[in-house]
Amino acid sequence: KSASRHPESHTKKENFVGQSNMDVGGNGGGLIVNNKQRAMLPNKSRGEFVRNQRKDSEVRTKKYCDLYDIFSCEFGTNFAYLSSPELYSYTEGPEFLLNRKCFEEEFRIHVSDDKWTELDVSQHRAHAMRLLDGLEVITREKRLKVARAILYMAQGTFAECSSEAEVQHWMRYNIFLLLDVGTFTALVELLNMEVDNSAACSSAVRKPAISLADSTDLRVLLNIMYLMVETIQQEDPADSPEWRATRETFKTELGSPLYNNEPISVMLFGMVTKFCSGHAPHFPMKKVLLLLWKSILFTLGGFEQLQNIKVRKREQLRLPPLPEDSIRVIRSMRAASPPASASDLIEQQQKRARREHKSLTKQDNLDAFNEKDPYKSDDPREDEDDNDDNDNSMEVEPFPMERDEVMPPPIPHPPSERVNFPKGLPWAPKVREKDIEHFLESSRSKFIEDVEMCSTELLYQGILPSLPQYMIALLKILLAAAPTSKAKTDSINILADVLPEEMPTTVLQSMKLGVDVNRHKEIIVKAISAILLLLLKHFKLNHIYQFEYMAQHLVFANCIPLILKFFNQNIMSYITAKNSISVLDFPYCVVHDLPELTAESLEAGDINQFCWRNLFSCINLLRILNKLTKWKHSRTMMLVVFKSAPILKRALKVKQAMMQLYVLKLLKVQTKYLGRQWRKSNMKTMSAIYQKVRHRLNDDWAYGNDLDARPWDFQAEECALRANIERFNSRRYDNNQSNPDFLPVDNCLQSVLGQRVDLPEDFQMNYDLWLEREVFSKPISWEELLQ
């Protein structure tokens with residue numbers, strides 16, 4: 001549409017690509033530069049822009065071969081993927097031009113006619129230093145103007161760029177420049193000032209309605225910090241050695257207590273609790289949570305780093321190598337056909353009645369397909385929640401995730417990446433920990449441990465004093481952002497950084513704001529689920545009691561029923577929600593001429609037929625629920641008491657192997673408690689559990705066991721675990737140790753004899769008798785005693 005409405009710009013782009021004699025490096029590229037630019041373009045042959053100039057829609061949308069590539073990007077350091085569009089709400093769109101204006105006004109004072117992209121490195125550095133000095137002025141308005149100019153630099157000086165790839169290049173270059181001159185430290189100090197600004201907090205508390213204007217300073221600072229963390233944490237093979245060294249230094253500083261004597265993540269956790277307590281309702285919570293997630297991801301590492309740490313620790317402990325990588329095993333699985341609802345069954349029967357005149361061959365093929373459906377129920381007498389196990393409604397119309405026109409062809413992996421499994425079950429069997437307790441009893445060296453001061457350990461020490469409050473705050477925000485939550489007067493307002501000052505007056509504005517609000521909530525759910533999952537996995541690898549401490553406080557804060565409430569909705573509608581307007585996403589909206597938005601285009605939604613963001617969140621929440629309940633009898637019984645089985649079975653409608661696996665895991669742990677009739681009515685689901693979930697030696701999940709069917713005492717089990725956790729925290733982190741059993745033993749003779757000992761009064765009165773009985777009447781070999 002844009003090209004047809006502006007043919008002259010389209011012609012200009014064709015000429016731009018065709019001028020190969022002006023590109024950098026002579027690789028036939030199309031980036032027009034002058035000699036100054038040729039000398040200063042950093043770390044990457046500019047001819048790569050041509051190879052990277054694929055369609056802007058491919059840069060804008062996340063088109064990967066499957067969900068596992070999404071996970072490797074969201075929890076990794078893939079340079080090809082930037083999630084900066086989710087940082088901005090659509091209501092913030094006009095601020096892009098405001099940032100540009102602030103930068104250009106400051107830039108023109110010191111540079112006459114040249115563009116930013118035409119200057120050399122020394123001139124870039126000099127102007128960045130001038131902007132950094134401007135952050136130290138007293139006047140708030142002046143300081144905000146300079147901060148907006150810095151934000152425009154972090155956004156890639158987009159007015160001088162002609163493609164999204166070029167914007168991303170200048171983002172990376174400018175951000176490394178800003179980091180090099182010390183901008184991040186100054187931003188942290190300014191953020192601390194804004195957090196402690198009591199006047200702004202009290203003003204926000206008194207306001208009946210909070211809008212974007214109340215958090216302007218905070219949003220600008222958080223935007224810059226997020227862009228810096230998100231960009232620097234991503235590795236690019238073309239980075240110079242200096243940039244790689246800068247990246248590692250920044251990673252170490254970000255995880256160390258250098259900022260206000262605490263890691264940056266601890267300060268952000270403090271902002272979350274202050275927001276939930278009602279003392280700072282104007283905090284832009286989506287940006288805080290996104291920055292918190294990326295900070296934890298950068299400092300602790302993603303799934304790939306977790307796997308490497310796990311392998312290294314097993315080698316140190318002389319344990320056998322891991323039998324497989326879970327993500328790679330799941331990649332080899334195929335999604336099973338989902339169960340159908342009652343309405344789908346009726347509709348399908350009507351369609352079959354209309355097709356009776358057709359040949360019987362097709363019907364036979366459909367029946368054969370149904371016989372292979374692992375979720376087809378043998379008993380139609382299921383209750384209302386469970387009646388979706390009887391047939392397969394997706395056989396005629398496949399789920400969009402399986403379509404070739406939606407899913408690009410899989411990315412070919414090198415032969416070394418492929419995992420060849422023998423025919424049979426995909427997982428290697430494991431042994432329960434209690435099966436080798438006799439070995440652990442004979443080796444108590446694990447209690448004599450050297451605490452490795454890694455990033456995970458530093459973070460745990462930082463959040464330990466207030467960890468229960470942090471977990472409660474995160475779950476409060478998750479509850480407010482859940483689509484199943486109803487608006488209540490006492491619930492927290494998470495829309496402070498998305499609602500405009502003036503409410504919409506037209507239908508189009510209202511529809512746009514509605515999409516923005518729903519997208520805002522989805523991003524919050526995504527960030528919180530990623531934060532909790534990352535922390536649980538890292539704490540479990542660092543020390544099991546750190547994991548148990550966090551997990552127990554999540555359970556105490558009702559995390560289990562909250563996640564079940566989240567899934568107690570039309571999960572297919574949530575997965576296929578279209579709460580995004582791709583043409584308003586950054587950087588597309590600042591590079592291209594935007595088409596005119598209409599109510600019809602907003603209602604049609606995005607071109608994608610499902611939402612990766614929501615699918616990502618659902619899988620994260622299922623994994624968290626698995627981690628909370630695994631090997632905990634009382635928590636497993638909570639799943640049974642809260643009647644999670646029908647809720648989880650409805651989630652099997654999503655035809656995606658990874659999500660189905662974690663749903664089946666949760667069904668497996670409670671199968672023995674659901675009764676014989678349930679197992680009999682859901683034999684196909686039982687078969688799917690057997691086929692897809694890992695099994696252990698002596699695994700009796702498929703039938704009731706008298707020992708495990710005993711009455712459960714939630715309080716007793718949790719109290720015993722809590723006592724062990726408190727002993728661990730007291731022994732390892734309590735500086736004011738009150739328990740003498742945990743105090744170190746003083747083996748120095750001079751020190752012991754030099755200590756002043758207060759004797760009781762009755763002992764002093766009978767001192768002569770004690771001396772006669774214990775000393776004079778007994779022979780003592782002083783030489784042996786002193787030795």
Side-chain angles (χ1 to χ4, degrees), residues 333-350 352 366-395 399 425 560-561 563-565 567-572 622 625-626 629 633 635-657 659-695 699-710 712:
M333 294 182 178
R334 289 185 58 85
S337 301
S341 64
S343 59
D344 293 333
L345 292 173
I346 296 172
E347 183 180 355
Q348 190 171 359
Q349 289 174 0
Q350 293 174 349
R352 287 181 177 177
L366 290 173
D367 294 337
F369 186 85
N370 279 332
E371 287 299 319
K372 298 177 182 178
D373 182 5
Y375 297 107
K376 181 182 174 186
S377 178
D378 298 332
D379 188 359
R381 296 173 299 174
E382 277 283 88
D383 56 52
E384 183 178 348
D385 289 324
D386 291 349
N387 63 4
D388 51 10
D389 290 322
N390 300 309
D391 205 350
N392 176 16
S393 64
M394 300 294 180
E395 54 189 342
F399 191 67
L425 300 180
I560 292 177
I563 295 178
L564 293 177
K565 179 180 179 181
F567 280 95
N568 193 19
Q569 59 170 313
N570 188 339
I571 202 68
M572 284 295 297
L622 288 170
L625 195 55
N626 269 284
T629 57
H633 177 69
R635 298 178 191 174
T636 302
M637 294 304 298
M638 289 177 66
L639 293 177
V640 180
V641 170
F642 290 131
K643 298 182 179 179
S644 64
I647 297 174
L648 294 171
K649 281 173 57 185
R650 283 196 294 271
L652 291 173
K653 288 178 177 290
V654 181
K655 194 176 179 184
Q656 205 285 323
M659 182 167 172
Q660 286 184 348
L661 172 67
Y662 291 108
V663 171
L664 292 172
K665 280 187 172 185
L666 289 168
L667 287 172
K668 177 189 173 184
V669 297
Q670 54 179 314
T671 296
K672 67 170 69 175
Y673 309 114
L674 295 177
R676 181 178 299 178
Q677 184 59 41
W678 188 93
R679 294 193 293 271
K680 181 180 177 182
S681 303
N682 294 273
M683 287 306 297
K684 299 301 182 181
T685 303
M686 302 280 287
S687 177
I689 294 173
Y690 175 76
Q691 292 172 7
K692 295 182 179 296
V693 183
R694 187 200 303 276
H695 300 283
D699 209 342
D700 58 351
W701 64 274
Y703 54 89
N705 187 304
D706 293 336
L707 180 63
D708 289 330
R710 65 191 183 279
W712 57 287

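Taking CZ of Arg694 as the start and CD1 of Ile689 as the end, the distance is 15.5 Å to the nearest 0.5 Å. For the atom pair CD1 (Ile563) and CG (Leu639), the distance works out to 10.0 Å, reported to the nearest 0.5 Å. Within the model, atoms CE of Met638 and CD of Gln670 stand 12.0 Å from one another, a figure rounded to the nearest 0.5 Å. Within the model, atoms CG of Asn682 and OG of Ser687 stand 12.0 Å from one another, a figure rounded to the nearest 0.5 Å. For the atom pair OG1 (Thr685) and CH2 (Trp678), the distance works out to 6.0 Å, reported to the nearest 0.5 Å.
The heavy-atom pair separating Met686 from Arg679 by the smallest distance is CE-CD, 3.7 Å.
No side-chain heavy atom of Leu622 sits under 4.5 Å from any side-chain heavy atom of Leu661. A 4.5 Å side-chain heavy-atom check between Leu564 and Leu625 finds at least one atom pair inside the cut-off. Side-chain contact between Val663 and Lys649 is absent, with no heavy-atom pair separated by less than 4.5 Å. Considering only heavy atoms from C-beta on, Leu652 stays 4.5 Å or farther from Leu648 through its side chain. Within the 4.5 Å cutoff, the side chain of Ile571 has heavy atoms near those of the Met659 side chain. Side-chain contact between Val654 and Gln660: absent, with no pair of heavy atoms (C-beta onward) separated by less than 4.5 Å. Taking the side chain as every heavy atom from C-beta outward, Ile647 and Gln569 never approach each other to under 4.5 Å.
Trp701 and His695 have parallel rings, their planes meeting at less than 30° on a 0 to 90° scale where 60° marks the start of perpendicular.
Of the N and O atoms on the side chains of Asn570 and Arg650, not one donor lies less than 3.5 Å from an acceptor on the other residue.
In this view, Asn626 satisfies the side-chain hydrogen bond (donor to acceptor under 3.5 Å, both in side chains) rule with no residue, not counting sequence neighbours. Every residue meeting the salt bridge (charged side-chain N to carboxylate O under 4.0 Å, His left out) condition with Lys668, not counting sequence neighbours, appears here in chain and number order: Asp699.
Judged by distance alone, with hydrogens and angles left aside, the side-chain atoms of Ser681 form a donor-acceptor pair with the main-chain N or O of Gln677 at under 3.5 Å.
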